[in-house]
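This report refers to the structure that appears directly beneath it.
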Amino acid sequence: MLNKTDHEGLKQTITESVYQYLKEKGIEIDAIPAIILTTPKERVHGHLSTNIALQLSGMVSNNAREIAQFIVKELKKSNEEVFDKIEIAGPGFINFYFKKDLLYTVLHEITAEKNKFGYSDIGKGEKILLEYVSVNPTGPLHVGHGKCAAVGDSLSKILKAAGYRVSTEYYINDHGKQMDVLGQSVLVRYRQLLGEMLEFPENGYQGDYIIALAREVLDKYGIEFKGKDDSETIQFFKSYAQQRILQDIKEDLALFGVEFDNWFSEESLFTQNKVYPVVDRLRQEGFIYLDKGALWFKSTDFGDEKDRVVTRANGEAAYFASDIAYHDDKYKRGFKTLIDIWGSDHHGYISRVKAAIQALGYSRDSFQVLLVQFVTLVRAGKTIGMSTRGGQFVTLKDLLKEVGKDVARYFFLMHSHDSHTEFDLDIAKSQSLENPVFYIQYAYARICSIIKKGETNNIALNDTGKEQIDLKLLDKKEELEILKKLINFKKIVERSAIQRKPYLIAGYLHELASLFHKYYTEHKVITRDKKLSEARLYLISSVKIVLENALSLLGIDAPEKM
RNA sequence: GCGCCUGUAGCUCAAUAGGAUAGAGCAACGGACUUCUAAUCCGUAGGCUGGGGGUUCGACUCCCUCCAGGCGCGCCA
């Protein structure tokens, strides 16, 4: 029996009638396809639709409409009070039309669940480790990292809302050669500031932030390191630079509203001796061989295009080795699913990590990588260059200063993460028209304004007496559209969690805001008619809650006034 | 050369696990403020979904092939 706007009951009934059909026809198949209920684009196709009969007809080679007829007959037996109409359309779609009363119940649900409306438990408490950003602490975050941060942070919120137990983590690559290069770069800048004539190392980090760090050391420690270049001095500059840069990264992320549950140091894998045992284990299981003095992992056994070095001829562990150990460690901490968010330039790295994970005995599919495509900044119609090589890039901090957190987040989240983002600074800064963030926030502010007006006119919703509101007064076309959209929210959250697509929430927000703006123009909420005003207030209060919830899944504020 | 991603309206992007008539915003044109914020709304116009084959009841979506763009192919991290 269908209950409220939850579709699980309906799916169950459909499943049963499918079995009934197969039984009567004496057909046996391995498994019936999952029942999928979609919301049709066209209103004439009902509130909900399923293509199960079409799918089945392919499998059992019977006429789809005939199957649909059987299913509908079964469904009608038990769902009379729920549906106005169940009909078969086109080649064999089954379309459901809710009774209007049922549409209204979503308002009670929203009011009761408030900021938990849209939450579900499809994740069943499964433990997921979500790792993202993980930028090397050798320089500031730039705009592209901002996109990864926005996607990761939002995804973690969405997954939590869908009932997963999510931990977020930033992996600090503080082990390899690059840290020495960093220390050396700052040291040279420091000595140059003191007037020494020194060549800047060819592979050094050239950005202005390196000079700024050198100046900082000079301010704090004076000429203490003048002319010195011993291992102790390098060590100092290395750790100083690393700590400061990491601190800046944390600050930038905090400005962006992003916080991690855990900061995981690569170095700790070595100090806790976790790297070599994993390599040994793979070796014992025959996945490692020796060639030209180096140890190679046989990733080709698992579909990678070539084998990969884990231990170099000089005995040092390659980056890949610590990464294997790191991912092994994630599983050992009890996570069932690992999601890594990487810049798309790392895509060549996926198959070797998957290979290692498989070799270690974990399921290949339990490790998922989301590749985030590049961001292009556009100003006045022209692309802004972002080469890191010359140290010329727009930092996340600069972007936040220019357009603010909410706009930056929305722009990163409004499109699919695996399509290139074109970030138009002129649109982002514009306070009107084309800026979708303001469009959405404006809808929210308008609702707040109406509610306030209602209060001054002595029309307000109090917690008691909501049952007395005459919901049947909400019979306008625009109102029914909004109700259907509200009902959809839970499904959108689930889908965006399962498919790891935060941008679905962004799209939903825009649609809901649009429906509201339309409604606002067509109908007045606060009128002389008190009953009607109350009913409409109840509706827009629900819209307000859902806007709030959706915005919070994206990490965007909902301003009461604009 | 091999591999991954992308190609949809003039521009930026959608299209819910292969579903019904491919939709939004911007830009263009024409309308709507004595009204709860016009940062809004309504209308018009705009398409051989990069090209060509295939799979099936049905393809923007899957397969093959070609074209264009991005990225990657270290005993770097």
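Chain naming here is simple, since letters A, B, ... match the order of the sequence lines and numbering starts at 1 in each. The figures here come from the full heavy-atom set of this structure, side chains too, leaving out hydrogens, waters and symmetry mates.
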Inset, instruction - Tell me which nucleotide among B:rA24, B:rC36, B:rA20 gets nearest to the side chain of A:K524. - result: B:rC36

Legend entry - Contact list for RNA chain B against residues 477-484 of chain A - heavy-atom distance below 4.0 Å: none

Inset, instruction - State, without any angle test, whether A:Q184 and A:Y205 hold a side-chain donor-acceptor pair at a distance under 3.5 Å. - result: no

Inset, instruction - Check whether the side chains of A:N173 and A:Q178 place a donor and an acceptor atom closer than 3.5 Å, and report yes or no. - result: no

Inset, instruction - Say whether A:Y289 and A:D307, considering side chains only, have a donor N or O and an acceptor N or O under 3.5 Å apart. - result: yes

Legend entry - A:S120 and A:K490 side chains, donor-acceptor separation under 3.5 Å: no

Legend entry - Under 3.5 Å side-chain donor-acceptor pair for A:K491 and A:T39: yes

Legend entry - Nucleotide of B:rG3, B:rC73, B:rA20 approaching A:A89 most closely (side-chain heavy atoms): B:rA20

Inset, instruction - Check if the side chain of A:D345 and the base of B:rG72 share a donor-acceptor pair of N or O atoms closer than 3.5 Å. - result: no

Could you tabulate the donor-acceptor pairs under 3.5 Å formed by side-chain atoms of residues 533-547 of chain A, not counting sequence neighbours?
{"unit_1": "A:S533", "atom_1": "OG", "unit_2": "A:V525", "atom_2": "O", "d": "3.3"}
{"unit_1": "A:S533", "atom_1": "OG", "unit_2": "A:T527", "atom_2": "N", "d": "3.0"}
{"unit_1": "A:S533", "atom_1": "OG", "unit_2": "A:T527", "atom_2": "O", "d": "3.2"}
{"unit_1": "A:S533", "atom_1": "OG", "unit_2": "A:T527", "atom_2": "OG1", "d": "3.2"}
{"unit_1": "A:S533", "atom_1": "OG", "unit_2": "A:D529", "atom_2": "O", "d": "2.7"}
{"unit_1": "A:R536", "atom_1": "NE", "unit_2": "A:E479", "atom_2": "OE2", "d": "3.1"}
{"unit_1": "A:R536", "atom_1": "NE", "unit_2": "A:Y519", "atom_2": "OH", "d": "3.4"}
{"unit_1": "A:R536", "atom_1": "NH1", "unit_2": "A:K524", "atom_2": "O", "d": "2.7"}
{"unit_1": "A:Y538", "atom_1": "OH", "unit_2": "A:H108", "atom_2": "ND1", "d": "2.8"}
{"unit_1": "A:Y538", "atom_1": "OH", "unit_2": "A:T111", "atom_2": "OG1", "d": "3.2"}
{"unit_1": "A:S541", "atom_1": "OG", "unit_2": "A:L537", "atom_2": "O", "d": "2.6"}
{"unit_1": "A:S542", "atom_1": "OG", "unit_2": "A:Y538", "atom_2": "O", "d": "3.0"}

Inset, instruction - Indicate whether A:Y439 forms a stack on B:rA39; treat it as stacked only if centroid distance is below 5.5 angstrom and interplanar angle below 30 degrees. - result: no

Inset, instruction - Convert the base pairs of RNA chain B into dot-bracket notation, remembering that pairs crossing earlier ones are written with [ ] and that bases paired across to another strand are shown as |; include only Watson-Crick or G-U pairs under 3.5 Å. - result: (((((((..((((.....[...)))).(((((.......))))).....(((((..]....))))))))))))....

Legend entry - A:K41 side chain, from C-beta outward: closest of B:rC75, B:rA77, B:rA20: B:rA20

Legend entry - Side chain of A:E266 (C-beta onward), nearest among B:rA77, B:rU21, B:rG72: B:rA77

Legend entry - Note, A:Y349 side chain near A:W342 side chain (heavy atom, < 4.5 Å): yes

